[in-house]
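Here's the structure we're looking at; comments come further down.
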Amino acid sequence: MRINAGKYKSRNIEITNLETTRETSDKVRQAIFNLIGQFFDGGIALDLFAGSGAMGIESYSRGIDTVYFNDLNSKALEIVKKNCKSLGCFSDMHFLNFDYKTALENLKDKKFDLIFLDPPYAIVNVDEIIKYISDNNMLNENGILSFEMHYETICSDKIGKYVKIKDKKYGIKRVVIYRGSE
């Protein structure tokens with residue numbers, strides 16, 4: 001897997017090859033960044049279901065200052081750490097090994113500019129996850145929340161403080177982008 005743009009453009013990262021993770025292809029990752037904005041002028045990102053860390057690393061490559069990676073699978077988190085070390089960005093990263101609810105609870109006092117959610121397709125409580133983020137004011141004003149889900153997953157147009165601004169399908173994957181409505 002390769003980084004698409006920014007300071008690590010064309011650099012390879014390792015994928016997890018685990019049954020519990022599903023990698024976002026280079027093509028879909030590029031499409032997501034086309035939807036949310038190509039590059040960033042600093043900020044903090046959260047990659048809640050990190051897998052290999054491709055989304056968080058791509059955002060860092062494009063200008064995010066620091067990324068919080070979380071994955072319940074410790075083997076996946078080790079791949080994220082390995083990828084960050086190989087790129088030389090390990091010191092700007094934070095790594096959590098929790099289920100997503102515990103991770104959000106531990107991070108509820110943080111404010112993020114960019115949040116990536118790509119849970120296993122079996123997790124269908126999209127609104128619940130986003131409502132928790134909204135209720136705890138975890139996304140900065142003008143922040144973006146990118147949610148990857150199965151294309152048949154139902155999600156609301158407005159959840160808490162956030163409104164759906166984009167909704168695109170890519171094969172069996174659907175990407176929904178939310179932004180603050182205030």
Side-chain angles (χ1 to χ4, degrees), residues 1-100 102-104 106-107 110 112-123 129 139 143-151 166 168-177:
M1 180 173 294
R2 295 160 66 103
I3 302 299
N4 290 318
K7 61 184 166 189
Y8 300 125
K9 182 180 180 177
S10 299
R11 296 276 304 270
N12 288 321
I13 59 171
E14 190 174 322
I15 61 172
T16 61
N17 288 322
L18 299 168
E19 289 181 20
T20 59
T21 60
R22 180 187 64 254
E23 302 294 341
T24 301
S25 70
D26 293 353
K27 182 179 177 180
V28 173
R29 197 166 3 96
Q30 180 64 42
I32 290 169
F33 281 93
N34 286 341
L35 292 173
I36 66 175
Q38 286 288 319
F39 297 96
F40 306 96
D41 187 21
I44 301 171
L46 169 61
D47 194 345
L48 188 59
F49 301 88
S52 66
M55 295 303 293
I57 292 169
E58 184 81 39
S59 68
Y60 185 81
S61 181
R62 294 168 182 253
I64 286 290
D65 292 320
T66 192
V67 181
Y68 285 77
F69 294 98
N70 178 72
D71 204 288
L72 177 59
N73 188 315
S74 59
K75 291 179 182 175
L77 199 60
E78 287 306 313
I79 299 285
V80 177
K81 290 176 181 179
K82 184 177 178 181
N83 285 332
C84 291
K85 284 178 184 173
S86 74
L87 294 170
C89 61
F90 188 84
S91 64
D92 292 330
M93 307 303 177
H94 304 272
F95 307 95
L96 303 165
N97 184 211
F98 298 117
D99 65 84
Y100 75 91
T102 303
L104 288 173
N106 283 319
L107 295 170
K110 299 271 182 214
F112 298 96
D113 300 287
L114 185 56
I115 298 176
F116 296 106
L117 305 173
D118 185 10
Y121 286 160
I123 295 177
I129 296 169
L139 192 63
I144 301 228
L145 193 147
S146 171
F147 209 129
E148 295 177 58
M149 61 190 79
H150 188 270
Y151 74 97
K166 297 184 181 172
K168 299 279 184 183
K169 291 180 184 172
Y170 304 93
I172 66 164
K173 184 177 289 253
R174 177 177 174 199
V175 176
V176 179
I177 308 297

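Side-chain contact between Leu96 and Asn106 is absent, with no heavy-atom pair separated by less than 4.5 Å. Two residues are said to be in side-chain contact when any heavy atoms from C-beta on lie closer than 4.5 Å; Asp118 and Met55 fail this criterion. Under the 4.5 Å side-chain criterion, counting only non-hydrogen atoms from C-beta, Cys84 is in contact with Ile57. With a 4.5 Å cut-off on side-chain heavy atoms, Leu35 and Val175 count as touching.
Here the closest non-hydrogen pair linking Leu48 and Ala103 is CD1-CB, 3.9 Å. Between Ser52 and Ile13 the shortest heavy-atom distance is OG-CD1, 4.4 Å. When all heavy atoms of Ile3 and Ser61 are compared, the closest pair comes out as CG2-OG, 3.6 Å. The two atoms that bring Gly53 and Phe69 nearest to each other are O-CE2, 3.5 Å, heavy atoms only. Across all non-hydrogen atoms, the minimal contact from Gly42 to Ile64 is O-CD1, 3.5 Å. Considering every non-hydrogen atom in both Ser59 and Phe40, the closest pair reads O-CD1, 4.0 Å.
The structure places OG of Ser146 at 10.5 Å from CD1 of Ile115, a figure rounded to the nearest 0.5 Å. Atom CD1 of Ile36 is separated from atom CG of Leu114 by 4.5 Å, given to the nearest 0.5 angstrom. To the nearest 0.5 angstrom, Leu104 atom CG is 9.0 Å from Asp99 atom CG. Once rounded to the nearest 0.5 Å, the distance linking CE of Met1 with CZ of Arg11 reads 15.5 Å. A distance of 6.5 Å separates CD1 of Ile32 from NZ of Lys173, quoted to the nearest 0.5 Å.
Environment of NZ in Lys81: crowded, with over 12 heavy atoms of neighbouring residues, nucleotides or ligands closer than 6.0 Å.
Evaluation of the salt bridge (Lys or Arg N to Asp or Glu O under 4.0 Å) rule for Lys7 yields no partner, not counting sequence neighbours. Qualifying side chain to side chain contact (heavy atoms under 4.5 Å, CB included) partners for Asn4, counting only residues two or more places apart in sequence or in other chains: Asp26, Arg29, Gln30, Glu58, Arg62. With sequence neighbours excluded, no residue forms a salt bridge (Lys or Arg N to Asp or Glu O under 4.0 Å) with Lys85. Under the side chain to side chain contact (heavy atoms under 4.5 Å, CB included) criterion, Lys27 pairs with Ser25, not counting sequence neighbours. Taking the side chain to side chain contact (heavy atoms under 4.5 Å, CB included) definition, one finds that Ala31 meets it with Tyr170, sequence neighbours left out.
In summary, of the residues considered (Phe116, Phe95, Phe112), a ring-ring contact (aromatic ring centres under 6.0 Å, His included) with Tyr68 occurs for Phe112 alone.
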When the side chains of residues 86-93 are checked against the rest of the protein, which donor-acceptor pairs come out under 3.5 Å, sequence neighbours left out?
unit_1	atom_1	unit_2	atom_2	d
Ser86	OG	Asn83	O	2.9
Asp92	OD2	Tyr60	OH	2.3

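The backbone N or O of Ile44 lies less than 3.5 Å from a partner atom in the side chain of Asp113, making a donor-acceptor pair. Here the side chain of Asn70 pairs no donor or acceptor atom with the backbone of Phe49 at under 3.5 angstrom.
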| Could you walk me through whether Asp71 and Val80 pass the side chain to side chain contact (heavy atoms under 4.5 Å, CB included) check? | CA-CA 9 Å; Asp71 204 288; Val80 177; 5.9 Å; no
